[in-house]
Amino acid sequence: MQLLDGEKEQILSVVDRVLNKSNKKREDLIPVLQQVQAELGYLPALAMEKIAAGTGVPAADIYGLATFYNQFRLNPPGDHQVKVCLGTACYMVGGDITLESFERRMEIREGETTPDRRYSLERVACVGCCTMAPVVVVDDQVEGKVTPTRVDGIMLELEAKNGQTGKEDQSAGGRDGRQEEGEQE
Ligand code: FES
């Protein structure tokens, strides 16, 4: 995942600060990873490398820890976060097909974020609305009976919102401008 303009400096400074407050030992790794994720929203590869350098723990071990616990995310959260329920009730009525439909539309796999960071896609366990299966949570809003046709509708709605946000951003010199600067690095 390409870093945005200024993101590298932000990552290095957050990791520095968090490491300085820890005793830089292996047994402190989980709280360190938690704190870094809390501040950055995810655990970038650069942060894990920097933590490895600061603690002397091999980067592969840190990556192993981060992938073992599902509390950690290795990709940045998208502007729009789509969570597809694959609990038993949702799975039984095609939750996996719903997930595949989102993967096709977003051109990413579950657990990933689109390169422009507009969308991230996750699978989740039962969200407690089984009577509405298959269920999808879009930016904290629960959607029920999400068939592939409804997936198309949800994506169109999100794209329409992006269009509006894009216009606001452009007039305010916001995200799209920043992204282009970052890509030129
Ligand atoms: S299994 Fe999906 S909401 Fe319960």
OH (Tyr91) with more than 12 external heavy atoms under 6.0 Å: no
For Val93, the rest of its hydrophobic cluster, which grows through side-chain links under 4.5 angstrom: none
Heavy-atom pair of closest approach, residues Arg73 and Asn75: NE-O, 3.0 Å
Whether over 12 other heavy atoms sit under 6.0 Å from Glu107 CD: no
Salt-bridge present (Glu103, Arg123; N to O < 4.0 Å): no
Flag side-chain contact, heavy atom, 4.5 Å: His80 against Val138: no
Charged N-O contact under 4.0 Å between Lys50 and Asp16: yes
Pair Glu7 + Arg117: basic N to acidic O under 4.0 Å: yes
Beyond-backbone contact of Thr55 with Ile62, side-chain heavy atoms, under 4.5 angstrom: yes
Heavy-atom check, side chain of Asp139 versus side chain of Leu158, under 4.5 Å: yes
Connected-component partners of Val137 among ILVMFWY, side-chain separation under 4.5 Å: Val124, Val127, Met132, Val135, Val142
Phe102 with Ile97, same ILVMFWY side-chain cluster at under 4.5 Å: no
Exceeds 12 heavy-atom contacts within 6.0 angstrom, atom CG of Asp140: no
Hydrophobic cluster membership, Val151 vs Leu156, 4.5 Å side-chain cutoff: no
Shortest non-hydrogen separation from Phe72 to Gln37 and the atoms involved: CA-OE1, 3.4 Å
4.5 Å side-chain heavy-atom contact, Arg17 and Val14: yes
Beyond-backbone contact of Arg150 with Val136, side-chain heavy atoms, under 4.5 angstrom: no
Atom pair CG (Leu3) and CD (Glu9), whose distance is rounded to the nearest 0.5 Å: 9.0 Å
Residue pair Pro115 / Met1: nearest heavy atoms and the distance that separates them: O-SD, 4.2 Å
Validation row: Val15, Val32 side chains within 4.5 angstrom (heavy atoms): no
Considering all heavy atoms, the nearest Leu86-Gly95 contact: CD2-C, 3.3 Å
Closest non-hydrogen atom pair between Cys85 and Cys126, with its separation: SG-CA, 3.7 Å
Main-chain N/O of Val146 paired with Thr98 side-chain donor or acceptor, under 3.5 Å: yes
Single hit among Thr114, Ile108, Val82, Thr113 for side chain to side chain contact (heavy atoms under 4.5 Å, CB included) with Ser120: Thr113
Inter-residue atom distance Glu100.CD - Arg109.CZ, 0.5 Å rounding: 8.5 Å
OH/Tyr63: more than 12 non-hydrogen atoms of other groups inside 6.0 Å: no
Shortest non-hydrogen separation from Ala89 to Ala133 and the atoms involved: O-CB, 3.8 Å
Heavy atoms from other residues, nucleotides or ligands near CG of Asn70 exceed 12 (cutoff 6.0 Å): no
Check against side-chain contact (heavy atoms from CB on, under 4.5 Å), Leu65 and Val57: CA-CA 11 Å; Leu65 257 186; Val57 175; over 6 Å; no
Euclidean distance, Leu43 CG relative to Thr67 OG1, rounded to 0.5 Å: 10.5 Å
Same cluster (ILVMFWY, side-chain, under 4.5 Å), Tyr42 and Tyr119: no
Approximate separation, where rounding is to 0.5 Å, of Glu122 CD and Leu99 CG: 11.0 Å
Arg118 CZ to Asn162 CG distance, which is reported to the nearest 0.5 Å: 4.5 Å
Gap between atom CD of Glu143 and atom SG of Cys129 - 0.5 Å precision: 11.5 Å
